[in-house]
Q: 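Please see the structure below; I have some questions.
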Amino acid sequence: MSGSPPVLGSVFPDFEVDTTKGPIKFHEYIEGSWAILFSHPADYTPVCTTELGTVAKYADQFAERGVKLAALSCDDVESHKGWIKDILASQQIEGDDLPYPIIADNNRELAVKLGMLDPAEKDAAGLPMTARAVFVINPEKKLALSLLYPATTGRNFDEILRVVDSLQLTANQKVATPANWTAGKDCMVVPSISDEEATTRFPKGFNKVDVPSGKGYIRLTPDPRA
Ligand code: BEZ
């Protein structure tokens, strides 16, 4: 029982679902925005409770980046609504709702369709639970990044903000971001452009790192948005 995960660069599947904020058509919901769909194994589970609370606390930072959020958990809307009260109380969040919808996927239709099952984690009925998937979707509705964690490992949402910064920067500039990059740090000129083109594209210049091979492929340039 497993579907195929969406492929990077392909149009993310559309679907109509019920959520804690009413029914949505996914493509309409994300229209023209960056978007993140993140999934959870089940309601009333401890790690998921911390994750959903953390995303609520980071909601302003995602909004600053123009990112629409949607969570998914394999239970129904009534269950989600009860669980939200626990999330808010246990994660010390004011208000009476989360700032994003939780999709109901009690029959696991979407979890299967999007290839999000974790065969190693089974529920009480012996069925595989949903893994912790993260899909970052660009304004053209194409899959820009996917992550898949097992149910037993909670995600780091600082990393997810960081990858959004990288994806949004590299979507518009001929740069790539090196290991552990964060916004404002030096970037790499992409290998596909020549030194001549790099000189025109990057008015702040670029530095070529000397390497034993003599191949000048490591070219650092300041973050063009800094
Ligand atoms: C959790 O969210 O805490 C969890 C869910 C499934 C398996 C293990 C942990």
Side-chain angles (χ1 to χ4, degrees), residues 2-13 30 32-39 47 51 54-55 58 61-69 114-121 130-226:
S2 76
S4 19
V7 175
L8 281 188
S10 65
V11 173
F12 198 76
I30 66 173
S33 293
W34 285 84
I36 296 183
L37 172 64
F38 55 106
S39 68
V47 175
E51 289 193 319
T54 303
V55 176
Y58 283 34
Q61 294 181 74
F62 284 112
E64 278 164 21
R65 291 160 172 82
V67 178
K68 290 201 88 168
L69 300 167
L114 299 175
M116 300 191 298
L117 294 181
D118 178 353
E121 284 298 327
T130 304
R132 301 183 192 283
V134 180
F135 296 113
V136 183
I137 302 153
N138 72 19
E140 287 74 50
K141 302 188 182 68
K142 291 184 176 158
L143 181 66
L145 176 136
S146 66
L147 295 168
L148 192 61
Y149 286 49
T152 41
T153 301
R155 287 158 283 198
N156 181 328
F157 288 91
D158 288 319
E159 167 62 2
I160 293 170
L161 282 173
R162 190 193 76 84
V163 295
V164 167
D165 286 339
S166 172
L167 292 170
Q168 293 185 337
L169 173 65
T170 59
N172 297 310
Q173 306 273 351
K174 296 272 186 197
V175 290
T177 61
N180 293 350
W181 176 88
T182 52
K185 285 195 183 166
D186 282 356
C187 301
M188 304 295 194
V189 176
V190 292
S192 59
I193 71 169
S194 65
D195 286 353
E196 291 67 35
E197 187 179 347
T199 306
T200 351
R201 277 187 183 273
F202 303 112
K204 293 177 192 163
F206 62 91
N207 284 326
K208 218 179 255 192
V209 176
D210 257 341
V211 281
S213 68
K215 297 181 197 285
Y217 60 99
I218 306 178
R219 296 176 294 178
L220 289 164
T221 189
D223 181 337
R225 293 198 301 202

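In this chain, numbering begins with 1 at the start of the sequence shown. These numbers come from the heavy atoms of this one structure, side chains and all, not from hydrogens, waters or symmetry mates.
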Q: How would you list, by chain and number, every residue that makes a salt bridge (Lys or Arg N to Asp or Glu O under 4.0 Å) with Glu121, sequence neighbours excluded?
A: none
Q: Applying salt bridge (Lys or Arg N to Asp or Glu O under 4.0 Å), name anything that partners Arg225, two or more places apart in sequence or on another chain.
A: none
Q: Listing request: all salt bridge (charged side-chain N to carboxylate O under 4.0 Å, His left out) pairs with a residue in residues 169-190, at least two apart in sequence or in separate chains.
A: none
Q: Without placing hydrogens or testing angles, list every side-chain donor-acceptor pair under 3.5 Å for residues 130-147, not counting sequence neighbours.
A:
residue, atom, partner, partner atom, Å
Arg132, NE, Ala151, O, 2.9
Arg132, NE, Thr153, O, 3.4
Arg132, NH1, Glu51, OE1, 2.8
Arg132, NH2, Ala151, O, 2.5
Asn138, OD1, Glu140, N, 2.9
Asn138, OD1, Lys141, N, 3.2
Asn138, OD1, Lys142, N, 3.0
Lys141, NZ, Glu31, OE1, 2.9

Q: Return each pair, listed once, that meets ring-ring contact (aromatic ring centres under 6.0 Å, His included) where at least one residue sits in residues 171-225; pairs must be two or more places apart or across chains.
A: none
Q: Checking Phe38 now: which residues fulfil ring pair (Phe, Tyr, Trp, His ring centres under 6.0 Å) with it, not counting sequence neighbours?
A: His40, Tyr100
Q: Using the test salt bridge (Lys or Arg N to Asp or Glu O under 4.0 Å), find all partners of Asp195 that sit at least two apart in sequence or belong to another chain.
A: Lys208, Arg219
Q: Quick check for you: to the nearest 0.5 Å, what is the distance between Leu220 atom CG and Asp223 atom CG?
A: 12.5 Å
Q: Can you list the residues that meet the side chain to side chain donor-acceptor pair (under 3.5 Å) rule with Glu159, with sequence neighbours excluded?
A: Arg162
Q: If you apply the rule side-chain contact (heavy atoms from CB on, under 4.5 Å), what do you find for Arg201 with Ile193, and how did you get there?
A: CA-CA 10 Å; Arg201 277 187 183 273; Ile193 71 169; 4.0 Å; yes
Q: Please list, chain by chain and in numerical order, all residues satisfying side chain to side chain donor-acceptor pair (under 3.5 Å) with Thr221, sequence neighbours excluded.
A: none
Q: Does Thr54 have any side chain to side chain donor-acceptor pair (under 3.5 Å) partners at least two apart in sequence or in another chain, and if so, which?
A: none
Q: Could you give me the CA-CA distance, side-chain angles and deciding distance for Gln168 and Val67, then say whether side-chain contact (heavy atoms from CB on, under 4.5 Å) is met?
A: CA-CA 10 Å; Gln168 293 185 337; Val67 178; 4.0 Å; yes
Q: Let me see the working for Ile218 and Met188 under side-chain contact (heavy atoms from CB on, under 4.5 Å), right down to the final yes or no.
A: CA-CA 7 Å; Ile218 306 178; Met188 304 295 194; 4.1 Å; yes
Q: Mark yes or no for whether Ser33, through its side chain, and Ala35, through its backbone, hold a donor-acceptor pair below 3.5 Å.
A: no
Q: Starting at CG of Leu37, measure out to CE of Met116 and round the result to the nearest 0.5 Å.
A: 6.0 Å
Q: Tell me, please, which residues at least two apart from Pro5 pass side-chain contact (heavy atoms from CB on, under 4.5 Å).
A: none
Q: With the side chain counted from C-beta on, respond yes when Tyr58 and Ile160 share a heavy-atom pair under 4.5 Å apart, and no when they do not.
A: no
Q: Give, for atom OG of Ser39 and atom CG of Leu148, the distance between the pair rounded to the nearest 0.5 Å.
A: 7.5 Å
Q: Quick check: are there more than 12 heavy atoms from other residues, nucleotides or ligands sitting under 6.0 Å from NZ of Lys204?
A: yes
Q: Would a 4.5 Å heavy-atom cut-off, applied to side chains only, mark Trp34 and Lys68 as touching?
A: no
Q: With a 4.5 Å cut-off on side-chain heavy atoms, are Leu169 and Pro224 touching?
A: yes
Q: For Asp165, what residues pass the side chain to side chain donor-acceptor pair (under 3.5 Å) criterion, not counting sequence neighbours?
A: Arg65
